[in-house]
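The basis for the numbers below is simple: all heavy atoms, side chains too, and nothing from hydrogens, waters or symmetry mates.
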Amino acid sequence: MSYAYLFKYIIIGDTGVGKSCLLLQFTDKRFQPVHDLTIGVEFGARMITIDGKQIKLQIWDTAGQEAFRSITRSYYRGAAGALLVYDITRRETFNHLTTWLEDARQHSNSNMVIMLIGNKSDLESRREVKKEEGEAFAHEHGLIFMETSAKTAANVEEAFINTAKEIYEKIQEGVFDINNEANGIKVGPQHSPTNPSLSPNGQDRGQGGGCC
Amino acid sequence: MSTSRRRSASEAARPSTRCSTSPTTRGRAPHQCGPTLRSSGVPAVFQRPGDALRCHHAATQVERLVERVQCSTLLEDRRDACRALKALSKQNRVEVGAQGMDALCQVLDLDRADSEIVAYALDALCNVMSPDTFDEEEHPTAYQGSKSSLGEQFTEIFMKQPDNIGLVLGFLEEYEFQVRWPALKLLTSLIHNRPRDLQEIILVSPMGVSKLMDLLGDNREVIRNDALILLTHLTKGNANIQKIVAFENAFDRLFDVIADEGYADGGIVAEDCLVIVHNLLKNNTSNQNFFKEGSYIQRLSPMFALPSNTEEIGWSSQKVTNILSSLQVVRMLVMPGNPAQVTSSCQRTIRNSGILEALCGILMASGVPVEVLTETINAVAEVIRGNPSNQEYFLTVMAPCKPPRPALVVLLLSMVNEKQPLELRCSVLYCFQCYLYKNEVGQAQLVQTLLPSSAEVGTGTTGHLLVSGLLSGHMLSTWLSAVALSHALVENPAQKEQLLRVALATAPGANPVSLLHQCCTMLEQSNKVQSKVGILMLLAMWLSHCPLAVRELLSTPSSIPYLTAQVGASEHQEHEELLQGLCAFLIGICVTFNDDSVPSYTRENLCQLISKRVGQDMFLDKLGEVSKHELYSKAHKHPQLQASSQEQLLLDHEFCKLFKALEGMVIKAVTPKEAGMHNGGTELTLTATESSLLLQYKELIRSQDYQLQEMHQKLQQYESERQAYQAHVEELNATISQLRDQTRLLSAAANTGVTNSLSSDIEHLSIAPQEDTIRSAEVETELDRLRKDQEDLLVLLADQDAKLNTYKDRLRQYGEKVESDEETDIQNGGEC
Ligand SMILES: Nc1nc2c(ncn2[C@@H]2O[C@H](COP(=O)(O)OP(=O)(O)O)[C@@H](O)[C@H]2O)c(=O)[nH]1
Ligand SMILES: [Mg+2]
């Protein structure tokens, strides 16, 4: 199927917070309570519509364990969006956000849109992290924030789609250099940029620091 | 021998590290690092008598250069020495490698700002670690006795320091050709010599893979092409690297290069790209999904577009290779071992993108080299396997001959043609099997062409070709046709009964004989193992779960005597055990699926016959021979026949599956019925529907088995989680008791503190009674403060208690008993 844009996402966060479940809920609309521990990285994809345009999301679900951290880092650079996930029933996953964020900021391109996700909102009785705390953290670090449940699917669509909207807006504003694939954005085959704001002679093109 | 050589090489390299350990040693007097580098550093084994002098000369020359590189304070001097080392690194590879390795690595580290000296060092290292031997090398055969080459041994030494790889990777970011290129070549040598190690190091070096991928954007073709070569090695068998490479837009870049190179007409560069694509997809579901989702299947399709004048221009060997690689890529996506969901969606896309059509075009084109034809048939096979719509399409493909004929018929013609190459005939069988796989309609259509009522009956139909192949008397044709025919019966009780209606006119005027009868006759008369095995497998497939077919065989007078005789006989022919096992299996099937309608061969009678003629134990032994055969497990594992010679064509995949499914049932059926076996009697007289029901139940049991396993795994996971929680609770308990101790200590301290100050107050009182009111007020506040402290601590403790209770609850949720004495403990704690 043809698309106007293709965005690459990565999903990061401690192990067990529900990254793989979020991806599965988004791509297959189902919840699988027990599945394999993600080893390295797994891929998933889905088409969404924003502003009447078909947008293809390609999503790489990473393994949270420390052992895979150096592998995960290879994925920051080429991603347009990142879902940074913690588990609202486990405070330590919230406490680790700073480390994740530092890692992401250090290795990604500066325009990468990061969505902070407090997952497992269905487990209200076991909540350890207040929604306000998530909001405050997001606000402080300039992230978008949402609480989701991969189990009930609450807000899952929204999390992925709102991230895409943010990226889309950045493209409209000319913040992203869409011709540089290293940004994790591709223009669809039949959709060469005709949008005036994306014209190649606009002065808002990214610096495109390619080596050659 | 080899180890001592290797040791001597590394020992020679090691001493010089003394000089390179710290940059501050640089510039010290040469003798500080000089004396450690003696000509003894060159392994004595390299020195042949006649060479001794020259060798010694080279060694001292290298020694002096190394010293200058390491110790000279002047960059220019180091540079000159490094250039000279580079110049010697082919001819005196052993000396430069053994003595100069550390010095050269030191240059990469300390002199990295000077691209000229770096370039010399990289070049020299390239030569030292090259997997090739140079013409001018002085001791090209020095390491012949060792199992690893000189390049490999130096690579091992070089890679003992993983930092070295980081340095080389860093030089890839240098745009200057004279640096980037040798860095790339060096990595290529390294990966050639120690692929696994280098993969792991690159994987964990920051952005290691990404740096390599960036080279594909280099507009200097040499660099890009060499980067492609490096990637062909780097992507082999390492899933994590494969995924990163794919993430870095490898497929886009590779297909861009392939397109630039002219697709199938491209040169070796196109081939390299295809090899990388293949590597990226091999056993990598994540990348397969990505490939499909990224619409890269469509980008493969121009590979298979044959120009109309192909026949005139012919096939270059490069083009053959390119097409073969592309076919491998296609097969990677639809291999029988892939997850079903990946395979079926790729099959759909391959069809929709026109690739299946293009492949069928190659099948029917003339002048196609046989290896391309064979691999195309295999690819078509897997693209249609188990996919109804693709199978249906395949049936409609017509060959462009004078009266147009179905491609399927043309292919089968090649299969039963003794002049065709073995691989081609096997691939046709595989394709036919895949066409019939889970294809009830196709199975029915095939059998239909053999039935008397059919208008289509006659020569040139698929069924007719197979039957004439079966009867041809050529053992390979017989085997291939028997197997092909048996696939029309797989899990299809209706066709087993239909096929019973097929009758053959063996001689003009003679009464027609049934196909099954004819199979029995051929079995008895043939003296060729391969033919017999083929027919026995066909009969086993046919008779299983089909009492009507069993009855037909039992009514063929000589068949049972023949089979029992075979099981017991020992004629010492080739594969005798296998043949006997197959005969035993067929008898077993006759017992198992017997409806007792042939009076002389009821189940009862047959069992007695086995006991009398063969013996129970012997029978079971022979039965066991089938799965013990060397070809069994391979055939059971993979649907495609992998035969390098005709002799290896004996067991078929579907037959092995059948054998595995029925072996237990057969054993049970022929074993004497003891107590409790009378109800087994009903199980053994199964009608077709009953036995298919039985099959369903078996399937159910199998899936339940699987679920059970899954649950078991889950349980294990929970257990380990529970243990983690337990540990956590214990930790919390420890914290609590610590806090409790602290509280006690604090309250004790508070008490004594109060008395002390009180007693001193009394003294003060006697001295200064007027101050007593002020004093007591002070004591009061002090006491208050302490009380407040204690209260805070108690609150903290209560907090911990609450947490502990939560964890206990959670533990209880996980089904763990929590001891009650903890609770009394906590109460005690609350009181103090
Ligand atoms: N109740 C609930 N459980 C969840 C949710 N998301 C994930 N889980 C569970 O959390 C565990 C870890 O999920 P997983 O997706 O493997 O986490 P990952 O390591 O981040 O990929 C699994 O047992 C899931 O069933 C959720 O939204 N609600
Ligand atoms: Mg996971």
Side-chain angles (χ1 to χ4, degrees), chain A residues 1-3 6 8-10 16 27-28 32-47 56-63 67-79 89-92 103 106-107 123 125-126 128 180-186 188-189 210-212, chain B residues 172-175 180 200 202-211 213-220 223-224 238-249 252-253 284-295 298-299 341 710-711 713-715 717-718 721 724 728 803 806 809-810 813:
Chain A
M1 233 197 301
S2 86
Y3 51 83
L6 182 154
K8 287 187 182 178
Y9 284 10
I10 52 172
T27 57
D28 287 28
Q32 199 176 325
V34 174
H35 57 91
D36 303 338
L37 204 63
T38 311
I39 303 294
V41 174
E42 291 304 324
F43 172 81
R46 210 188 109 179
M47 195 77 93
K56 182 148 201 156
L57 299 185
Q58 292 186 334
I59 306 147
W60 276 265
D61 166 30
T62 66
F68 292 106
R69 210 53 81 79
S70 67
I71 293 173
T72 303
R73 285 195 191 108
S74 303
Y75 290 85
Y76 287 119
R77 183 179 76 161
T89 71
R90 278 164 58 212
R91 176 158 292 274
E92 78 262 24
D103 223 24
Q106 189 188 338
H107 293 97
L123 300 176
S125 61
R126 282 164 48 187
E128 284 183 6
N180 183 358
E181 279 187 8
N183 284 332
I185 296 172
K186 244 165 66 169
C211 56
C212 14
Chain B
L172 292 181
E173 290 175 294
E174 213 67 51
Y175 182 67
R180 187 179 276 193
E200 287 309 318
I202 289 185
L203 192 56
V204 296
S205 15
M207 305 310 284
V209 178
S210 313
K211 281 174 195 160
M213 287 302 293
D214 286 342
L215 300 185
L216 295 187
D218 199 312
N219 51 12
R220 294 161 296 192
I223 302 247
R224 186 201 68 185
N238 187 314
N240 280 317
I241 291 184
Q242 288 161 2
K243 289 178 196 171
I244 298 175
V245 169
F247 178 81
E248 292 273 356
N249 300 315
D252 280 321
R253 290 157 182 231
N284 194 324
T285 308
S286 183
N287 274 0
Q288 288 167 358
N289 268 321
F290 177 51
F291 193 82
K292 183 197 67 190
E293 288 293 337
S295 310
Q298 288 81 338
R299 295 202 66 180
Q341 150 265 334
E710 253 184 16
M711 300 297 234
Q713 279 175 356
K714 250 195 247 180
L715 195 70
Q717 191 193 334
Y718 282 137
E721 276 181 28
H728 201 127
K803 242 194 207 148
T806 335
D809 282 346
R810 220 174 287 170
Q813 279 171 14

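With values rounded to the nearest 0.5 angstrom, B:Ile244 atom CD1 is found 12.0 Å from A:Arg73 atom CZ. For the atom pair CG of B:Asp252 and NZ of A:Lys186, the computed distance is 3.5 Å after rounding to the nearest 0.5 Å. Going from atom NE2 of A:His107 over to atom OG of B:Ser210 covers 10.0 Å, rounded to the nearest 0.5 Å. In this structure, B:Glu293 CD and A:Thr27 OG1 are separated by 9.0 Å, a value rounded to the nearest 0.5 Å.
For NZ of B:Lys803, the number of neighbouring non-hydrogen atoms (other residues, nucleotides, ligands) closer than 6.0 Å is 12 at most.
The side-chain tip of A:Lys8 points at the ring of B:Phe247 from less than 6.0 angstrom away and within 45° of straight on.
The side-chain heavy atoms of A:Ile71 and B:Lys243, taken from C-beta on, include no pair separated by under 4.5 Å.
Closest of all the heavy-atom pairs between A:Phe68 and B:Asn240 is CE2-ND2, 4.5 Å.
For chain A, the option among B:Asn289, B:Asn284, B:Val209 with the highest count of heavy-atom pairs below 4.5 Å is B:Asn289. Annotation: maximal heavy-atom pairing with chain B below 4.5 Å, among A:Ala79, A:Ser70, A:Gly184, occurs at A:Ser70. The residue among B:Arg220, B:Lys292, B:Met207, B:Gln288 with the most heavy atom pairs within less than 4.5 Å of chain A is B:Met207.
Neither the backbone nor the side chain of B:Phe291 has a heavy atom closer than 4.5 Å to any heavy atom of chain A.
For the side chain to side chain donor-acceptor pair (under 3.5 Å) test, residues two or more places apart in sequence or in another chain that qualify with A:Arg46 are A:Glu157.
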